[in-house]
Amino acid sequence: MTPSLHEHASACAKVILLGEHAVVHGQPAIAAGLPEALQLRATRLPDRSAPLRCVIPAWDLDFSLAEVSTHPVARACGDVISHCDGPLTGWRIDGTTAIVARAGLGSSAAITVALARLVLGPGVAVESVIEASMVGERVFHGTPSGIDSEVAARGGVLRFVRGQPPEPLTLGRPLALVIVPSGVVRNTAQQVAKVHHALERWPTVTRPLLENLGRIATLGQDELLRGDVARFGELATMAHGLLGALGVSSPVLDELCAVARSHGALGAKLTGAGGGGCVIAVPDGPAETLADVFRARGLQPLCVEVRA
Ligand code: PMV
């Protein structure tokens, strides 16, 4: 039978609530899925032998699988489709999303998860989708921890410890967040390398910082389960301070967090690798009011409600 695609598929984006970087060193992290963040739609090309084309205008992506040797996203997508025994020709895939790419919100895992679903269909086991996504994630990131694919496929809120199955968490109440993209590009591998360097140079200081980030993740999890958003916010601010001490924040991220707090946020921190990318702020009141503060600075914040 000629391989085919399903008409629609979607995947979550991810936001790390607590525990980034420390998770690389064995500590727990808490991450949340942003549902339906990427929507893909497949249509047949008139020419069944033409290479599959993928167009996601919001991410400036327009590539075909003829470009796998020069275009890493094409290669990752081609590898995912091949892994799932999907069609490499005769289809066009269009994507829509409100999530910024390459800013720590899991855009690469979202595309690989949604693609796997386009091939495998809605009824397939989530583990198979994650396995296929990881094939593409290895092209993007070398040795990914797996947290992005897990969250992109499963959604909800997950406690994640490297090498262990993720634990779904049920929040005591929904958590409103304002996600603020700084507009500064960052490189996850370089940011992770900074922490390795700090560990080598100042192990007796750096190790406790990582352990305390892990403790904060566990305490933050307890507050989320209890539904105490204010205490979660306090812990988020503490985590940001420790991430700064590790050297993975930046003046821009520190300023965005300070702006959020000075406008009444219950807490704010960088999310993901840091150095650029996004911060998350916990609003005390309507998220849109806090978001307006950032819009007035020319930024494009996203208001989300994390629930599970
Ligand atoms: O690529 P980002 O910004 O989502 O950051 C990934 C989170 C890290 O903990 C820094 C790295 C990892 O593999 O978990």
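Counting starts at 1 for both ligands and their atoms, following the listed order. Since the model is a prediction, treat every value here as computed from it, not as a measurement.
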Can you tell me which residue and heavy atom of the protein come closest to atom 6 (C) of ligand 1, and the distance to 0.1 Å? Thr188 CG2, 4.1 Å

Under 4.0 Å from a heavy atom of Val23: which atoms of ligand 1 are those, numbered in the order shown and with their elements? 9 (O), 14 (O)

Here the atoms of ligand 1 under 4.0 Å from any heavy atom belonging to Gly104 are 2 (P), 3 (O), 4 (O)

Residue and atom name of the nearest protein heavy atom (relative to atom 13 (O) of ligand 1), distance in Å to one decimal: Ser145 OG, 3.5 Å

Show the nearest heavy-atom pair for residues Gly146 and Phe160, with the distance to one decimal. C-CZ, 4.0 Å

Just go through Lys14, His21, Glu20, Arg186 and tell me whose heavy atom is the nearest to atom 4 (O) of ligand 1. Lys14

Please write down residue, atom name and distance for the protein heavy atom closest to atom 7 (C) of ligand 1. Ile16 CD1, 3.7 Å

With a 3.5 Å distance limit and no angle check, can you tell me whether Trp59 reaches the backbone of Ile99 through a side-chain donor-acceptor pair? yes

Quick test of your reading of the structure: of Leu270, Asn187, Val24, whose heavy atom lies closest to atom 11 (C) of ligand 1? Val24

Looking only at distances, please establish whether an N/O atom of ligand 1 is found under 3.5 Å from an N/O atom of Ala273. yes

Would you say the side chain of Val178 lies within less than 4.5 Å of the side chain of Val279, judging by non-hydrogen atoms? no

Within the 3.5 Å criterion, strictly below it, is a donor on Thr97 or Gln39 matched to an acceptor on the partner's side chain? no

Would Glu305 and Leu175 count as a side chain to side chain contact (heavy atoms under 4.5 Å, CB included) here? Give the steps. CA-CA 6 Å; Glu305 200 166 66; Leu175 173 69; over 6 Å; no

Among His196, His197, Gln191, Gln190, exactly one meets side chain to side chain donor-acceptor pair (under 3.5 Å) together with Lys194. Which residue is that? Gln191

